[in-house]
Amino acid sequence: MSQNAAVNSNSFPSGRPVVFRNGTVLTIDPSLGMIEGGDVLVVDNRIAAVGRQVVVPESAVEIDASGGILMPGMVDTHRHMWQTALRGFGADWTLTNYFMFYYINWGKIFRAEDIYAGNLLAAIEAVDSGVTTTVDWSHGLQTVEYADAAVDALEAVPGRFVLAYGNLLGAPWVWTKAPEFADFIRRRIDGRGDMLRMQLAFDVTGDPAFPEKAAFEVARDFNLPVTTHAGVWGATNDNGIRLMHEHGFMTSSTIYVHAATLSDDSYHRIAATGGYASVSAESEHNAGQGYPPTWMLRRHNIPVSLSMDTSVWWSADLFSAMRATLNADRSREHMEAHKRNETVMLSHLRAEQVVNWATLGGAQALGMDSFIGSITAGKKADLVLIKHDQSPVMFPLLHPYGHVVFQAGRGDVHTVMVDGKVVKYDHRLLDIDLARAKQAVLKTVVHGTRT
Ligand SMILES: [Zn+2]
């Protein structure tokens with residue numbers, strides 16, 4: 001398509017195939033690898049063909065991917081989207097400041113409409129920056145009315161979401177048992193298929209009585225994966241992991257957020273039960289949960305996904321996550337070697353691995369890798385084209401994986417496709433009402449600063 005044409009959703013009429021032409025395609029599919037000068041054909045909501053000079057139907061709309069990098073949509077496995085309503089407010093906080101604010105002050109005055117506002121802006125931000133699947137770690141859901149508001153916002157934006165249902169002001173063994181909670185699942189989640197899924201989000205305190213047992217049982221009854229902040233200095237520790245393990249609640253669908261301050265014994269238990277870590281390196285660097293743990297997780301063969309945690313402090317795009325993760329891992333490797341008076345001669349963690357964690361790793365953590373996470377014929381078409389012809393940064397393109405991690409940023413996201421639908425093209429969102437989201441967030445900011 002011409003760069004100058006007025007672009008709207010009519011440029012990509014539903015039912016017409018779309019072909020990305022002549023890009024550097026990072027398929028993240030181990031059997032395909034990287035394809036330079038590659039094409040990807042999308043028919044309906046699925047990837048129909050991947051290769052060079054792909055023959056396409058005459059009706060196909062062409063997107064020129066030359067000079068760009070085409071990769072799978074990124075997956076964020078832990079983001080408190082509701083907190084986007086106060087973007088950047090806590091830039092200089094510690095974790096203690098954060099807990100005080102959300103448990104004692106702000107968290108209590110947050111209304112359902114504030115959840116809606118934060119989620120709406122956060123969901124738009126995710127899609128805009130090429131994050132096509134986001135786990136909304138939504139622990140401000142004081143009642144199901146709040147949860148309805150959260151889902152209303154997620155449904156208003158054409159992204160793929162997982163509502164990780166939580167309530168930091170209540171006890172998980174109480175709110176999971178409420179009849180209206182079961183009713184919410186029936187009303188809002190059942191039947192939504194691949195676009196909206198659900199997890200249970202709560203933390204395990206390490207109380208020897210293990211009151212969280214009842215919440216784990218609810219998760220099992222509803223077949224919901226559990227996501228939990230684990231290994232957070234001063235908050236959750238090895239006792240929580242041990243209790244989960246002893247009661248048989250550590251499974252391959254469990255996600256351990258941060259997993260930073262933990263013993264070898266806990267890492268063994270996670271590895272043995274097949275769970276996934278969600279590493280938020282930018283968060284761990286700043287808030288003090290512990291050192292970003294990929295250097296440890298790699299040692300224990302624990303699979304990694306990436307996340308951004310919250311934009312009340314940090315950025316919310318996975319370019320930042322990839323960069324912070326690679327920086328942290330290599331920094332640690334150097335420092336550990338220096339302690340032994342040695343010099344690192346080979347960078348063990350490669351840029352390619354980190355791009356894999358940001359895409360397929362996230363899909364695997366969520367149990368969604370059968371249909372997203374790589375550019376593979378037959379999978380759902382969640383794609384990101386990184387291309388910026390006016391930027392000096394997109395040239396030359398000598399190490400495409402390294403380019404994604406160290407050179408590109410969300411301003412370079414040219415086109416985003418979710419479930420076969422073009423939702424951003426030529427750096428502009430299509431049919432997404434950003435002004436409405438800003439208005440909603442403004443009301444929340446006024447409410448918060450007046451109260
Ligand atoms: Zn978190």
Side-chain angles (χ1 to χ4, degrees), residues 1 3 5-21 23 25 40-48 60-65 68-76 79 81 84 119-136 151-162 192-197 308 316-319 358-359 362-363 368 371-375 379-388 408-438:
M1 290 183 68
Q3 289 286 313
V7 177
N8 54 44
S9 61
N10 296 331
S11 308
F12 302 96
S14 66
R16 277 182 72 178
V18 174
V19 61
F20 293 83
R21 283 285 193 206
V25 183
V40 175
L41 173 67
V42 175
V43 177
D44 297 325
N45 65 345
R46 289 189 188 272
I47 296 162
V61 182
E62 188 169 312
I63 293 175
D64 176 13
I69 297 169
L70 186 65
M71 60 184 277
M74 290 173 271
V75 180
D76 184 337
R79 189 166 161 217
M81 294 173 79
T84 300
N119 268 26
L120 191 61
L121 190 61
I124 294 172
E125 180 180 5
V127 165
D128 183 61
S129 59
V131 179
T132 52
T133 300
T134 308
V135 173
D136 176 21
V151 170
D152 286 346
L154 301 180
E155 287 184 334
V157 177
R160 215 180 278 283
F161 299 101
V162 177
R192 290 301 317 282
D194 297 340
M195 296 307 290
L196 180 67
R197 294 192 167 197
M308 286 316 304
D317 68 282
L318 283 185
F319 295 102
T359 53
M368 295 165 74
F371 59 93
I372 58 165
S374 65
I375 303 183
K379 282 197 179 184
K380 298 285 178 68
D382 289 7
L383 301 169
V384 178
L385 175 61
I386 298 165
K387 168 174 161 134
H388 200 160
R410 57 177 140 186
D412 301 313
V413 171
H414 177 287
T415 298
V416 180
M417 176 180 268
V418 183
D419 205 43
K421 184 176 179 214
V422 177
V423 299
K424 182 180 185 183
Y425 177 75
D426 198 13
H427 303 278
R428 277 175 294 176
L429 291 165
L430 305 182
D431 295 337
I432 288 178
D433 194 349
L434 179 59
R436 191 165 68 89
K438 285 183 178 175

Could you check whether any side-chain heavy atom of [X] comes within less than 4.5 Å of a side-chain heavy atom of [Y], counting everything from C-beta outward?
X: Val135; Y: Arg79; value: no
X: Val413; Y: Phe319; value: yes
X: Phe161; Y: Thr133; value: no
X: Val40; Y: Leu70; value: yes
X: Met71; Y: Thr359; value: yes
X: Glu155; Y: Arg192; value: yes
X: Thr132; Y: Met74; value: no

Spatial distance of atom [atom1] ([X]) from atom [atom2] ([Y]) [nearest 0.5 Å]:
X: Arg21; Y: Asp64; atom1: CZ; atom2: CG; value: 10.5 Å
X: Lys379; Y: Asn45; atom1: NZ; atom2: CG; value: 14.0 Å
X: Phe20; Y: Leu41; atom1: CZ; atom2: CG; value: 10.5 Å
X: Asp128; Y: Ile432; atom1: CG; atom2: CD1; value: 8.0 Å
X: Tyr425; Y: Ser11; atom1: OH; atom2: OG; value: 8.0 Å
X: Arg410; Y: Ile386; atom1: CZ; atom2: CD1; value: 13.5 Å

Q: Examine Lys380 relative to Phe371 and say whether NZ or CZ is less than 6.0 Å from the centre of the six-membered ring and inside a 45° cone about the ring axis.
A: yes
Please name the pair of heavy atoms, one in [X] and one in [Y], separated by the smallest distance, quoted to 0.1 Å.
X: Ile124; Y: Asp433; value: CD1-O, 4.1 Å
X: Ala156; Y: Leu120; value: CB-CD1, 3.9 Å
X: Ala65; Y: Leu385; value: CB-CD1, 3.7 Å
X: Asn119; Y: Ala153; value: CB-CB, 3.5 Å
X: Ala126; Y: Thr134; value: CB-OG1, 3.5 Å
X: Ala48; Y: Val43; value: CB-CG2, 3.7 Å

* Using 4.0 Å as the upper bound for N to carboxylate O, is an ion pair formed by Lys421 and Asp419? -> no
Exercise. Charged N to carboxylate O below 4.0 Å: is that the case for Arg160 and Asp382?
Worked result: yes
Fill in: Side-chain donor/acceptor of Lys387 to backbone N/O of Asp426, under 3.5 Å
no
Check the pair Glu125 / Met81 against side-chain contact (heavy atoms from CB on, under 4.5 Å), numbers first and verdict last.
-> CA-CA 10 Å; Glu125 180 180 5; Met81 294 173 79; over 6 Å; no
- Query: Run the side-chain contact (heavy atoms from CB on, under 4.5 Å) check on Ile47 and Leu383 step by step: do they pass?
  - Reply: CA-CA 10 Å; Ile47 296 162; Leu383 301 169; 4.3 Å; yes
Point to revise | Intermediate values then yes/no, side-chain contact (heavy atoms from CB on, under 4.5 Å), Asp136 and Leu154 | key: CA-CA 9 Å; Asp136 176 21; Leu154 301 180; 4.0 Å; yes
Side chain to side chain donor-acceptor pair (under 3.5 Å) evaluation trace for Lys424 with Thr415: CA-CA 5 Å; Lys424 182 180 185 183; Thr415 298; over 6 Å; no
Mutual orientation of the aromatic rings belonging to His427 and His388 [parallel < 30°, tilted 30-60°, perpendicular > 60°]:
tilted
Tested for side-chain contact (heavy atoms from CB on, under 4.5 Å) against Val416, the lone hit among Val423, Leu429, Leu430 is Val423
